[in-house]
Amino acid sequence: MVSPKSTGEPVAALIEKISILLQEERALLEDENLDWDRLEENLAEIGELFKLLPLNGAGPSGAGEAQLDPGLHKQLQEVLAQRRKNEEILQAKARELGRQITSLKQEKTAVLAYIANEERASLLKGPA
């Protein structure tokens with residue numbers, strides 16, 4: 001096992017905390033009424049915990065595998081798989097949000113065009 005970081009927390013405990021936060025992130029992402037503020041806080045906390053991991057990029061993939069024993073390496077790979085899955089869900093949410101925004105813009109344009117046509121029609125009719 002790797003020696004603990006300055007926090008005195010073993011690497012396995014950090015990875016477990018990250019995993020729990022990723023599970024919370026997944027629950028937030030799957031909620032119909034996504035709480036963007038909580039999601040942002042969760043992402044920040046995950047980022048801070050990742051910074052505490054002793055990963056210096058020594059391994060061939062740049063993930064610092066050379067420092068981790070096989071058990072920790074497996075835990076880290078599982079956490080990374082969780083993160084990738086959450087990222088896919090977040091990207092799908094962002095695409096859906098983009099579609100909704102585009103649809104709202106189109107609806108707004110249609111309403112404004114309708115209002116403009118109504119105003120022009122009433123001007124052409126003249127006083128009643």
Between S19 and E78, does the side-chain hydrogen bond (donor to acceptor under 3.5 Å, both in side chains) criterion hold? Intermediate values first, please. CA-CA 8 Å; S19 179; E78 289 168 359; over 6 Å; no
Take K17 and E45 through the test salt bridge (charged side-chain N to carboxylate O under 4.0 Å, His left out) and record every step on the way to the result. CA-CA 10 Å; K17 281 184 176 182; E45 193 170 347; over 6 Å; no
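Residues near L112 contribute nothing to a hydrophobic cluster around it, because no ILVMFWY side-chain heavy atom sits closer than 4.5 Å to its side chain.
Using a 4.0 Å cut-off between charged side-chain N and carboxylate O, R84 and E88 make no salt bridge. We find that R83 and E87 are not joined by a salt bridge, their nearest charged nitrogen and carboxylate oxygen being 4.0 Å or further apart. Ionic pairing of E24 and R38 is not present here: no N-O contact between side-chain nitrogen and carboxylate oxygen is shorter than 4.0 angstrom.
Here the straight-line distance linking atom CG of D35 with atom CD of E41 works out to 7.5 Å at 0.5 Å rounding. L72 CG to K74 NZ: the interatomic distance, rounded to the nearest 0.5 Å, is 12.0 Å.
Under the 4.5 Å side-chain heavy-atom criterion for grouping Ile, Leu, Val, Met, Phe, Trp and Tyr, L97 is connected to L90 within one hydrophobic cluster. Linking Ile, Leu, Val, Met, Phe, Trp and Tyr residues whenever their side-chain heavy atoms come within less than 4.5 Å leaves I20 and L28 in two separate clusters. When the side chains of ILVMFWY residues are joined at heavy-atom separations under 4.5 Å, either directly or via intervening members, L52 and L22 end up in a single hydrophobic cluster. I46 and I89 end up in different hydrophobic clusters when Ile, Leu, Val, Met, Phe, Trp and Tyr side chains are linked at under 4.5 Å.
A pairwise comparison of heavy atoms in N86 and L29 identifies O-CD1, 3.4 Å as the closest pair. Of all heavy-atom pairs spanning K93 and D31, the tightest one is NZ-O, 3.3 Å.
Environment of CD in E40: sparse, with no more than 12 heavy atoms of neighbouring residues, nucleotides or ligands closer than 6.0 Å.
Each of V79, L49, L43 was checked for a side chain to side chain contact (heavy atoms under 4.5 Å, CB included) with L21, and the lone residue meeting it is L49.
Put simply, the side chain of I18 does not reach to within 4.5 Å of the side chain of L76, judged on heavy atoms. When side chains are defined from C-beta on, Y114 does not count as touching V111, because their heavy atoms never get closer than 4.5 Å. You'll find the side chain of R26 stays beyond 4.5 Å of the side chain of Q82, heavy atoms only.
At least one donor-acceptor pair under 3.5 Å links the side chain of T102 to the backbone N or O of G98.
In this structure, the side chain to side chain contact (heavy atoms under 4.5 Å, CB included) partners of L104, at least two apart in sequence or on a different chain, are E107.
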